[in-house]
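Every chain is numbered from 1, with letters handed out A, B, ... down the list of sequences. As the structure is a computational prediction, the values presented were derived from the model and not from experiment.
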Amino acid sequence: MNSKNKILASIRKQPVREISLPDSNGFGIRYEDPLGQFENMLERVGGVALRVADQAQIAETLESIEVYRSAKWVLNGVPGVQRDNPDEVPVGDPRALEQLDVAVLPGELMVAENGAIWVSTENVKHRVVYVIAEHLILVVDAQQIVHNLHEAYDRLSFEQVQYGLFISGPSKTADIAATLVKGAQGARSLHVLLVGPPPPTPER
Amino acid sequence: MNHPSQAARYVADQERAHWHDNVIWFMREKRDQAVNVIPEWEELRELGARIKGHTLSRLDDYLERFESQAKQLGVQIHWALDAEEHNQIVAGILQAAGARKVVKSKSMLTEECHLNQFLQERNIQVTDTDLGERIVQLRQEAPSHIITPAIHIKHEEVAELFHEHFGTDLSASDPDQLVAVARDALRRTFIEADAAITGVNFAVAETGGFVVCTNEGNVDMGTGLPRLHIACMGIEKVIPRIKDLGVFLRLLARSSTGQPITVYTSHFHGPAAGGELHLVIVDNGRSQLLQKRKFNKALNCIRCGACMNTCPVYRRSGGHSYGYTIPGPIGSVLGPSRKLKQFYSLPYASSLCGSCTAVCPVKIDLHHQLLEWRKEIAGAGILPWTKRFTMKVASLVLRNTWLYRTSGWIARVMLRRLPRAVVYHRLNLWGRQRDFPRIPDTSFRQWYAQRNHEQQK
């Protein structure tokens with residue numbers, strides 16, 4: 001018998017006590033102003049939220065970000081923004097991204113409860129770009145927001161998405177003397193541009 | 001291995017022991033703040049416990065489902081009965097790929113299997129990339145906490161360590177400066193790595209994917225550069241559905257560090273283009289624990305560390321005093337399930353106050369299990385004679401009314417009259433750090449009888 005069958009046989013010797021699988025549909029905290037809650041949480045986890053009226057304003061908002069202005073190498077995956085496009089960058093080996101200063105990439109979905117933004121390989125060639133850039137700027141449609149993680153998983157699809165990531169704030173650590181320090185192994189800072197009008201407040 | 005003697009060595013440095021206590025308690029307070037803003041927290045715990053309970057009741061089905069789904073995503077699955085087989089498999093994959101330099105992201109399972117040593121003996125260089133893990137690796141120590149592995153080390157000591165290994169200035173001892181040093185050093189290591197090894201927080205049977213949580217981003221740096229990724233998971237990590245992640249991710253970060261979610265929650269559903277993804281599913285004693293009715297709930301554990309952060313014994317005795325890969329209350333129930341004789345003292349490293357059970361996000365009956373283990377240990381006859389003898393005497397005295405009264409009287413009279421040196425001697429372990437309270441003139445019985453008598457007047 002191989003190890004797999006030995007393990008499964010050993011598992012089957014357990015005392016049977018069938019418990020039904022509970023459901024979490026419709027479960028979880030909701031907010032009156034989810035976008036405001038998101039901005040609040042993002043700030044709490046060390047990120048910066050910036051509201052942008054429409055697509056046309058994105059470039060201007062980017063210029064207001066110090067790390068973007070002073071960057072030597074910016075990788076851009078958002079339409080309507082100048083500078084390098086990640087698909088056109090002559091980068092075959094992700095290691096070449098080591099010197100990348102700023103990555104401007106689309107975020108797909110925001111979670112109000114915890115200030116997290118969903119990103120995935122749908123928009124990038126190399127998954128490491130989200131952490132290897134010194135600074136990360138995510139651009140998200142302000143309407144793409146859910147109240148909590150349960151709703152987020154209802155919305156997300158994992159077909160054809162080999163790698164996806166919730167990002168909530170810049171990389172950080174409290175491993176030295178329990179002191180919180182930003183910029184551990186991943187991006188040192190996180191800016192999130194919330195583009196367009198906020199979602200309508202639900203009728204009560 | 002004996003918890004009391006190791007702990008005694010630890011608390012001898014009183015200043016450090018107090019510092020550790022405060023630092024750990026701070027995490028417990030942050031946990032409370034993060035939990036109190038979620039009105040449905042208790043229902044969430046109940047959901048978590050029931051999903052885990054359900055999964056464990058048909059773990060074989062879910063593991064097989066997970067395997068077949070993962071294979072469809074192009075993941076190569078391996079099964080390991082024990083630590084030895086796990087290490088062999090990992091080494092085999094690395095050797096087949098010609099990998100010499102490996103970056104590893106925090107995984108308690110590979111600690112449990114002592115993978116680093118195994119690989120180093122085979123000329124494969126392993127670098128732990130979680131900052132705390134890196135620090136304990138450089139100090140050639142084991143982690144003292146499952147979330148913050150280097151929590152027992154002060155920043156000045158880290159400065160000394162970095163000075164020794166990276167030649168940095170001793171005066172650069174601010175955590176900010178130290179993190180910057182480690183970041184630069186680790187970036188080089190990431191770039192040069194041939195392969196990445198990671199742990200697994202949750203494996204999803206429905207999709208065949210798995211999730212790893214970090215704050216530093218080291219999992220994503222590690223797996224994003226080399227073409228080979230090996231993930232190692234215990235059999236209990238599987239959960240049924242993708243939506244169950246909503247429940248467990250909410251429970252995990254809030255319980256462990258008081259964050260609303262970890263900074264990076266990475267979902268792997270197949271290898272990167274042109275890459276290889278291997279997954280090693282490890283038993284190493286878990287299925288035996290599953291067969292123990294009184295103890296199998298311990299497999300609910302999602303490794304948040306809340307039980308150790310709240311534990312008065314852990315906070316004051318430090319993680320290393322447990323001598324097991326996982327310290328604190330959860331380690332104290334897992335250790336004996338593995339080697340009863342070696343870890344018999346761990347279930348006694350608890351006041352049975354129940355705080356661990358109260359904070360556990362997946363409702364493991366920790367303090368009940370600690371008590372159950374004590375019964376098993378006493379039954380197996382492996383307690384030292386001092387403890388056995390005192391228990392025998394206590395049982396005799398407590399069963400016999402006359403003996404109980406007489407010994408109470410003797411104690412009251414003698415403790416007041418005997419010279420201090422006779423009472424506080426080498427054998428009085430309890431009195432080593434504290435004094436007895438003032439001895440009352442009358443016993444409770446006498447006081448009670450007198451009170452009743454006076455009331456009847």
Side-chain angles (χ1 to χ4, degrees), chain A residues 2-4 6-8 10-22 24 27-29 41 45 94-95 98 113-116 126-128 130-132 148-150 152-154 158 161-179 181 183-187, chain B residues 23 26 38-40 47 50-51 53-54 57 59-60 79-81 85 129 131-132 135 148 150-151 154-155 158 175-176 178-179 183 186 191 207 209 215-218 220-221 224-225 235 240 242-243 245-247 249-250 260-261 263-270 272 283 287-288 290-291 293:
Chain A
N2 63 18
S3 293
K4 175 189 169 183
K6 279 185 196 157
I7 293 168
L8 292 177
S10 177
I11 288 171
R12 288 183 191 121
K13 278 190 230 152
Q14 61 144 347
V16 184
R17 35 160 188 77
E18 181 78 42
I19 304 167
S20 65
L21 180 61
S24 53
F27 187 77
I29 193 164
M41 289 314 295
V45 298
R95 289 176 179 87
E98 196 194 355
E113 177 198 354
N114 52 29
H126 297 300
R127 35 173 90 167
V128 80
Y130 294 108
V131 283
I132 202 168
N148 56 54
L149 266 185
H150 309 289
Y153 281 107
D154 287 342
F158 291 86
V161 182
Q162 283 87 12
Y163 173 80
L165 190 61
F166 278 117
I167 299 178
S168 171
S171 160
K172 57 169 91 83
T173 182
D175 275 352
I176 296 179
T179 310
V181 179
Q185 330 299 357
Chain B
V23 166
F26 178 61
I38 302 297
E40 71 272 22
L47 270 175
R50 281 182 52 200
I51 296 170
H54 166 82
S57 74
L59 190 58
D60 48 337
W79 298 74
L81 210 50
E85 190 176 9
T129 57
L131 180 53
I135 292 169
T148 52
I151 198 71
K154 295 187 169 185
H155 63 102
V158 178
D176 277 311
L178 294 168
V179 170
R183 177 188 172 96
L186 281 167
I191 296 288
T207 60
N215 281 326
E216 300 182 6
N218 50 324
D220 309 281
M221 276 297 286
L225 294 171
I235 54 170
I242 199 89
K243 69 179 191 180
L245 286 171
V247 173
L249 292 172
R250 294 183 80 202
I261 187 169
V263 177
Y264 301 100
T265 308
S266 317
H267 298 57
F268 294 90
H269 281 84
D283 185 342
S287 64
Q288 268 95 35
L290 186 62
Q291 290 165 26
R293 200 184 292 267

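Contact count against chain B (heavy-atom pairs under 4.5 Å) is highest for A:Thr179 among A:Val45, A:Asp154, A:Asn148, A:Thr179. No other option in A:Ala174, A:Ala187, A:Ala177 has as many heavy-atom pairs under 4.5 Å with chain B as A:Ala177. For the set B:Val23, B:Thr207, B:Asn218, B:Ile191, the entry with the most heavy-atom pairs within less than 4.5 Å of chain A is B:Ile191. Counting heavy-atom pairs under 4.5 Å between each of B:Gly270, B:Gly217, B:Ala80 and chain A puts B:Gly270 at the top. No other option in B:Val158, B:Leu290, B:Thr148 has as many heavy-atom pairs under 4.5 Å with chain A as B:Leu290. Taking A:Ile7, A:Leu8, A:Ile167 one by one and counting their heavy-atom pairs under 4.5 Å with chain B, the maximum is reached by A:Ile7. When each of B:Glu85, B:Lys243, B:His155, B:Lys154 is scored by its heavy-atom pairs under 4.5 Å with chain A, the top score falls to B:Lys243.
Side-chain contact between B:Val263 and A:Pro170: absent, with no pair of heavy atoms (C-beta onward) separated by less than 4.5 Å. Counting only heavy atoms from C-beta outward, the side chains of A:His126 and B:Leu225 never approach each other to under 4.5 Å. Between A:Phe158 and B:Ile242 there is a side-chain heavy-atom pair separated by less than 4.5 Å.
Taking the ring centroids of B:Tyr264 and A:Phe166, they lie at or beyond the 6.0 Å cut-off.
One distance of note links CD1 of B:Ile135 with CG of A:Asp175; it measures 6.5 Å at 0.5 Å rounding. Distance check, rounded to the nearest 0.5 Å: CD1 of B:Ile38 to CD of A:Glu113 gives 4.5 Å. Atom-to-atom distance recorded for B:Asp283:CG and A:Lys4:NZ is 14.0 Å, nearest 0.5 angstrom. The distance from the NE2 atom of B:His267 to the OH atom of A:Tyr163 is 10.5 Å, given to the nearest 0.5 Å. Within the model, atoms CZ of B:Arg183 and OG of A:Ser171 stand 6.5 Å from one another, a figure rounded to the nearest 0.5 Å.
Contact record, B:Ser266 with A:Leu165: OG-CD1, 3.1 Å, taken as the closest heavy-atom pair. Closest approach of A:Ile19 and B:Ser57 over heavy atoms only: N-OG, 3.9 Å. Closest non-hydrogen pair, A:Thr173 versus B:Glu216, comes out as OG1-OE2, 2.9 Å. Nearest heavy atom pair, residue A:Gly183 against residue B:Val179, reads O-CG1, 3.7 Å. Considering all non-hydrogen atoms of both residues, B:Pro260 and A:Met41 come closest at CG-CE, 3.5 Å. Across B:Leu81 and A:Lys6, no two heavy atoms sit closer than the pair CD2-CD, 3.6 Å.
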Exercise. Please walk me through it: do B:Asp220 and A:Arg127 pass side-chain contact (heavy atoms from CB on, under 4.5 Å)?
Worked result: CA-CA 8 Å; B:Asp220 309 281; A:Arg127 35 173 90 167; over 6 Å; no
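Contact annotation for A:Ala152: neither backbone nor side-chain heavy atoms come within less than 4.5 Å of a heavy atom of chain B. If you measure heavy-atom distances from B:Gln288 to chain A, the contacts under 4.5 Å come from both the backbone and the side chain. For a residue to count as touching a neighbouring chain, one of its non-hydrogen atoms must lie under 4.5 Å from one of that chain's; by this rule A:Val161 touches chain B with the backbone only.
Side-chain atoms of A:Gln185 and B:Thr129 include no donor-acceptor pair closer than 3.5 Å. B:Ser287 and A:Gln14 share no side-chain donor-acceptor pair at under 3.5 Å.
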